[in-house]
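To keep things clear, I will list the structure first and then write my remarks on it.
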Amino acid sequence: MMDSKDLEAEIHPLKNEDGKLQENLENQTKKEESLKSSPLQSRLSRCRTAAFFLSLFICLLGVFVISFIIPCPDQPASQGPWRINYDTAVTYDFLAMEDINRDRVQDVLFLYKNTNSSNDFNRSCASEGANGSILWERPAAQDVALVECAIPQPSVSGASSACILMGRLGSFIAVNSFTGETLWNHPSSFGGNASILSPLLQVPDLDADGTPDLLVLTQEEKEVNGYIYSGSTGHQIGHQDSLCENGTSGSLLFVTRAGAHYILLPCASSLCGHSVKGLYEKVTGRDSQLRRDPYWEDMLNTTTHKLLLHSSGGIRYLMNVPGKGGEHLLLVSSEACVLLDGQELAPIWTFSAAQVLRKPILGHYTPDTLAVVIENGTGIDRQMLFLDLNTGVVLWIQALPGLPGDPQSASLPTADHRSAFFFWGLHELVGANQMEPRDAHHSLYMFHPTLPNVLLELANISANIVAFQVALFEPGRHAACILLTGPAGPDAPGLVSVAKHKVQDLILSSRVVHLAEGGPDSDQAIRDRLSRLRYRSTA
């Protein structure tokens with residue numbers, strides 16, 4: 001039998017031919033459309049390619065313009081060491097670092113008094129950190145008793161700061177750190193027999209003007225009084241109030257775990273305290289948004305303002321130090337060094353010391369171990385002690401004879417998450433007891449924990465050192481030492497000198513002091529290794 005399709009074709013032959021013709025026409029139309037679309041797609045592809053290469057060319061042109069045509073901002077090149085001298089002058093134990101001309105290089109602030117001048121005023125000076133040129137120089141207070149810089153100030157042009165100078169004759173002055181311009185100048189309201197206790201404390205903004213306020217402590221006979229001043233105008237807030245009796249310099253502002261601010265200061269063998277909230281409310285009669293800490297209030301004697309804490313020996317130094325869960329309090333007395341819990345003030349550890357010469361410093365002995373550095377003893381009996389801040393365990397100890405006039409030690413964080421330590425001593429570590437103090441020179445030593453058996457003697461200074469600092473002058477570039485030398489007292493004017501020395505240069509010309517026998521490295525290899533150290537900011 002015939003298939004149905006064949007039968008259909010047999011019966012309707014014309015219809016079958018028409019179907020084939022229609023199918024051929026459709027195929028031909030599709031081919032024509034395909035031929036028409038091919039040039040269009042080809043043109044689109046070429047446009048995309050051209051756009052890609054045009055974009056790539058514009059990008060490369062932008063990189064070329066930025067890299068080679070548009071000049072980069074001028075980076076002040078350090079000109080190595082520099083020195084500024086003033087003849088027939090006196091100076092003060094004060095050095096501050098701040099980027100005054102905003103060139104990303106730290107500049108130096110210092111004070112001096114030129115006895116050849118027609119007036120009796122001290123002069124404040126700002127020196128360019130890169131080359132030592134003077135940025136500004138202004139008359140300051142007479143007979144300066146206290147100086148504090150980096151005090152925030154309101155400014156329409158951005159962040160600004162001031163140096164606060166307090167004179168013994170009653171002047172109270174704020175100077176713009178960037179320009180030297182006097183921001184305000186008021187007579188102080190202290191009594192004629194009052195002595196100013198250091199330091200000047202910054203307290204939270206009490207008068208709601210957006211600037212931290214200032215707390216000045218004075219002592220008249222046995223009584224310690226507190227004065228609050230506006231940080232932006234210098235005007236006194238309220239009246240003064242008595243804080244305690246038998247207080248001494250060395251106060252600090254401590255914040256408890258509850259966020260309450262307390263003024264702490266040494267009071268013989270006790271620790272005196274007063275809440276900032278209580279002081280403000282008493283001197284003004286107004287409420288404050290600040291807090292009190294109920295636990296601390298229970299420990300404070302409401303009459304004497306002394307904390308329930310007794311120290312073995314007179315308290316010499318107080319320090320805020322980092323701890324787990326908040327800050328702790330390091331208390332240094334004439335007989336011991338004690339770390340106190342920051343909330344309960346209970347001893348965490350105690351280290352008995354014969355005589356702590358100066359305020360301790362902090363630095364990292366290892367990346368995970370923060371050390372407190374203590375100068376224990378005086379003269380030929382002095383020792384440098386590194387204690388683990390968490391446990392009080394001795395990490396490193398070295399005999400280092402020194403002079404009573406040696407400056408404060410210093411530390412600077414390094415890129416390997418340790419610290420480089422700088423301290424002063426006699427030139428000869430052996431046989432120092434045979435040297436006369438007037439003939440002895442101050443030697444600056446450097447220590448890095450990766451070489452525990454080596455000291456580098458960086459410099460040997462015969463002049464009287466008034467102040468000393470080590471600072472990172474340029475981020476990622478170099479650290480430098482600043483030395484301020486001059487007469488030992490204001491009654492004998494002489495040569496005053498401010499000098500900067502790059503740490504790397506001092507290392508390359510240093511004397512290597514081996515503390516133990518042996519060691520595979522040569523002296524030059526040690527110098528080269530330590531000269532490659534990179535330093536980082538403390539912030």
Side-chain angles (χ1 to χ4, degrees), residues 148 151-152 189-190 196-220 222-231 235-311 315 317-323 325-331 338 340-346:
E148 196 74 34
I151 307 294
S189 51
F190 311 141
I196 301 172
L197 302 180
S198 62
L200 177 69
L201 297 178
Q202 292 186 58
V203 296
D205 182 14
L206 299 171
D207 56 0
D209 63 355
T211 305
D213 295 316
L214 308 172
L215 176 64
V216 181
L217 302 183
T218 67
Q219 185 174 33
E220 193 166 359
K222 292 183 177 182
E223 189 173 31
V224 175
N225 293 312
Y227 299 76
I228 301 176
Y229 292 91
S230 169
H235 292 127
Q236 187 173 351
I237 300 174
H239 56 82
Q240 82 273 13
D241 186 45
S242 175
L243 297 183
C244 65
E245 290 187 354
N246 299 317
T248 59
S249 293
S251 60
L252 58 78
L253 188 69
F254 192 83
V255 182
T256 70
R257 307 279 167 82
H261 295 76
Y262 281 81
I263 308 151
L264 300 179
L265 68 158
C267 297
S269 59
S270 298
L271 187 62
C272 292
H274 205 298
S275 73
V276 175
K277 175 182 176 67
L279 177 62
Y280 174 79
E281 292 177 346
K282 189 171 181 181
V283 301
T284 63
R286 299 190 295 265
D287 290 336
S288 169
Q289 298 299 317
L290 296 179
R291 300 177 181 178
R292 278 191 175 96
D293 190 316
Y295 188 88
W296 277 52
E297 293 297 320
D298 289 341
M299 289 193 297
L300 275 170
N301 185 305
T302 55
T303 304
T304 64
H305 296 289
K306 291 183 178 180
L307 289 160
L308 299 179
L309 173 74
H310 187 78
S311 167
I315 299 176
Y317 307 108
L318 297 173
M319 291 176 61
N320 290 327
V321 295
E327 288 191 326
H328 291 326
L329 184 66
L330 186 67
L331 184 150
V338 184
L340 301 175
D341 178 83
Q343 182 60 29
E344 300 178 357
L345 297 183

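A quick note: this is a predicted structure, and the numbers were derived from the prediction, not measured.
Sulfur-sulfur distance for Cys267 and Cys272: below 2.5 Å, consistent with a disulfide.
Side-chain atoms of Tyr280 and Ile237, non-hydrogen and from C-beta on, do get closer than 4.5 Å to each other. Leu252 is listed as a side-chain neighbour of Leu329, based on a closest heavy-atom distance under 4.5 Å. Val255 is not listed as a side-chain neighbour of Asn320, based on a closest heavy-atom distance of 4.5 Å or more. In this structure the side chain of Leu253 reaches within 4.5 angstrom of the side chain of Val276, judged on heavy atoms. Between Asp341 and His328 the shortest side-chain heavy-atom distance falls below 4.5 Å. Side-chain contact between Leu197 and Thr218 is absent, with no heavy atoms from C-beta onward closer than 4.5 Å. Two residues are said to be in side-chain contact when any heavy atoms from C-beta on lie closer than 4.5 Å; Val283 and Gln240 fail this criterion.
In this pair, Tyr262 and Trp296 present their aromatic rings tilted. The plane angle is within the 30 to 60° band.
Taking Glu281 as the reference, Lys277, Arg292 meet the salt bridge (Lys or Arg N to Asp or Glu O under 4.0 Å) condition, with sequence neighbours excluded. Taking His235 as the reference, His186, Thr233 meet the side-chain contact (heavy atoms from CB on, under 4.5 Å) condition, with sequence neighbours excluded. Legend: residues meeting salt bridge (Lys or Arg N to Asp or Glu O under 4.0 Å) with Asp209, ordered by chain and number and at least two apart, are absent.
No donor-acceptor pair closer than 3.5 Å links the side chain of Asp213 to the backbone N or O of Ile228. Gln202 places no side-chain N or O within donor-acceptor distance of the main-chain N or O of Pro212, the cut-off being under 3.5 Å. For the pair Glu327 (side chain) and Gly342 (backbone), a donor-acceptor distance under 3.5 Å is absent.
A distance of 13.5 Å separates CG of Leu279 from NE2 of His261, quoted to the nearest 0.5 Å. One finds the CG atom of Leu318 at 8.0 Å from the CG atom of Leu265 (value rounded to the nearest 0.5 Å).
Contact detail for Thr211 and Asp205: the closest heavy-atom pair is O-OD1, 3.1 Å.
The side-chain hydrogen bond (donor to acceptor under 3.5 Å, both in side chains) test with Ser242 singles out one residue from Lys282, His305, Glu223, and that residue is Glu223.
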